[in-house]
**Q** 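Encoded as structure tokens, here's the structure I'll be asking about.
Counting convention: from 1, in listed order, for ligands and their atoms alike.
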Amino acid sequence: MQRFLIKETAKHIGEKVRVCGWVNTYRAHGKILFIDLRDISGVLQVVFVPSNKEAYELAQKLRTEWVVEIIGQIVKRPENMVNAKIDTGLIEMSVESLKVLSESETLPLSIEGDGYEINEEVRMKYRYLDLRRERLKNNLIMRHKVMKLVREFLDKEGFAEIETPILTKSTPEGARDYIVPSRQEPGKFYALPQSPQQYKQLLMTAGFEKYFQFAKCLRDEDPRGDRQPEFTQLDLEMSFVSQEDVMELIERLLILTIQNLFPNKKIQEIPFPRIDYKDAMAKYKTDRPDIRNDKNDKNILAFCWVVNFPFFEKTDEGGWTFTHNPFSAARPEFEDDLMNKKNIGDILTTQYDVVLNGFEIGGGSIRNHKPEALEKVFEIMGYGKEIIYDKFGHMMDAFKHGTPPHGGIAWGFDRVMTLLLGEPNIREVMAFPKTGDGRDLMMNAPSEVDKKQLKDLHINIVKETKK
Ligand code: ASP
């Protein structure tokens with residue numbers, strides 16, 4: 001017999017159907033037993049009466065969160081039991097047979113309600129139970145819907161989703177790399193990508209013109225604020241475009257996403273206002289200003305662009321480093337200064353950041369596609385020719401073989417979802433997040449590995465003695 005999803009059962013009054021799911025609640029009214037059965041699609045009231053002896057006796061053993069299969073007839077509820085709040089509130093199931101598929105011990109945490117008050121370490125340890133919570137289920141399903149909309153939109157715009165490697169070489173993106181030892185080449189390491197920046201630019205050299213990817217990015221940063229060691233970017237890159245083209249596309253995509261999937265939200269201003277970095281710093285003292293007119297309204301989305309960032313900033317050691325991305329181009333009026341390494345602190349970059357309610361949700365730039373310009377950036381950062389070619393030889397070579405002008409952007413996808421769903425932190429929109437200090441409490445990672453694995457990797461653990 002075919003299985004029905006609970007949400008479909010309301011259309012089958014009078015019919016016999018088979019449903020499967022979890023015992024959500026269990027209660028007795030006099031001699032009659034009721035359970036609310038839950039599956040991914042909804043909740044159904046199921047009624048056991050003593051006259052069906054076999055099912056009734058088994059039903060008495062049921063406990064919440066047991067997994068069961070039930071065959072029965074869908075009938076209208078008595079009028080005094082109608083629940084207008086749920087799709088299946090007009091109906092119930094009169095049971096013919098019951099089968100227990102799996103039993104459950106008492107859960108170590110409550111999955112009723114939104115769960116914010118429960119100790120987060122417990123929620124993370126039993127994440128597979130925490131995810132049974134309606135709020136988290138909804139968050140992950142909305143995340144899926146946004147991804148789907150984005151994919152369809154970009155596909156129509158002529159983008160191809162292309163995967164790039166996870167085992168790669170270190171990229172200078174401002175954070176520490178996670179590294180992976182090579183078994184075959186003792187003493188050598190891969191790095192996990194901080195972003196697909198170099199690969200996406202090389203895909204432009206390859207001629208794909210429009211690339212995107214929901215990409216996992218890994219950064220070994222010290223615990224600070226609401227960060228995760230691994231997170232998802234919506235990453236994209238386009239050839240033959242101006243800064244305006246990228247910004248226009250992203251603005252259109254964000255508006256479409258909100259109008260289609262978050263109709264209760266109101267975008268404060270369209271087109272998104274643009275603010276110069278120096279004006280933002282003067283007026284708001286931050287480069288991610290919260291420009292909401294009414295900060296109490298939880299449905300207001302105040303987007304803005306921040307542009308005209310300085311390209312370089314001083315390092316603690318007195319040298320120069322990039323503010324955002326070493327692969328960015330200078331704004332055209334500063335190209336000469338870049339090539340002559342003059343007025344370095346005044347050079348502005350083509351970087352554009354998109355900010356929502358005071359959070360940076362994305363950033364990108366038009367890139368240097370000429371090898372001489374990229375080389376100048378690295379020289380300003382104090383790299384000698386040898387290092388430049390050792391670390392970025394592949395980029396320099398690529399740029400000598402017909403690379404189109406290009407630019408792109410990446411959204412912090414978890415952050416976008418957090419803000420759209422009105423959640424307090426990014427862990428609430430991730431299936432299996434880690435703690436602030438990078439631990440996975442459910443899998444118990446990081447963890448020790450056995451001696452044989454270490455030997456294969458030519459690794460010796462030296463225990464530091466505490467001073
Ligand atoms: N790779 C950049 C980042 O991760 C985004 C970009 O410039 O496209 O911030």
**Q** Quick one: does ligand 1 sit under 4.0 Å from the side chain of Arg367, the backbone, both or neither, non-hydrogen atoms only?
**A** side chain
**Q** Among Gly364, Ala215, Ser328, Gly363, whose heavy atom sits nearest atom 5 (C) of ligand 1?
**A** Gly363
**Q** Using atom types as modelled and distance alone, determine if a side-chain donor or acceptor of Thr323 lies under 3.5 Å from a backbone N or O of Pro310.
**A**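 Pair found, side chain donor or acceptor close to backbone of Pro310.
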**Q** With a heavy-atom distance limit of 4.0 Å, tell me whether Ala410 approaches ligand 1 through its side chain, its backbone, both, or neither.
**A** both
**Q** Taking N or O atoms only and a 3.5 Å limit, does Ser365 qualify as a polar contact for ligand 1?
**A**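 No: no nitrogen or oxygen of Ser365 is under 3.5 Å from one in ligand 1.
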**Q** Does some side-chain heavy atom of Met124 sit less than 4.5 Å from a side-chain heavy atom of Met442?
**A**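 Not touching, per the 4.5 Å side-chain cut-off.
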**Q** For the side chain of Ser102 and the backbone of Val67, is there at least one donor-acceptor N/O pair under 3.5 Å apart?
**A** no
**Q** Show me which atoms of ligand 1 lie under 4.0 Å from any heavy atom of Lys200.
**A**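 Here the atoms of ligand 1 in question are 6 (C), 8 (O).
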**Q** Gln233 heavy atoms, cut-off 4.0 Å: which ligand 1 atoms fall inside?
**A** 3 (C), 4 (O)
**Q** Show me which atoms of ligand 1 lie under 4.0 Å from any heavy atom of Ser195.
**A** 1 (N), 4 (O)
**Q** Can you list the steps and then say if Ile366 with Tyr352 is a side-chain contact (heavy atoms from CB on, under 4.5 Å)?
**A** CA-CA 9 Å; Ile366 300 300; Tyr352 32 82; 4.2 Å; yes
**Q** Would you call Arg415-Asp226 a salt bridge at under 4.0 Å N-O?
**A**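 Salt bridge: yes.
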**Q** Tell me, with the steps shown, if Ile361 and Trp411 meet side-chain contact (heavy atoms from CB on, under 4.5 Å).
**A** CA-CA 6 Å; Ile361 57 164; Trp411 300 358; 5.8 Å; no
**Q** Taking non-hydrogen atoms only, is Arg219 closer than 4.0 angstrom to ligand 1 via side chain, backbone, both or neither?
**A** side chain
**Q** Taking only heavy atoms of Ile409, which atoms of ligand 1 are found under 4.0 Å from at least one of them?
**A**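 Those atoms are 8 (O).
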**Q** Under 3.5 Å, side chain of Arg427 to main-chain N/O of Lys434, donor-acceptor pair present?
**A** no
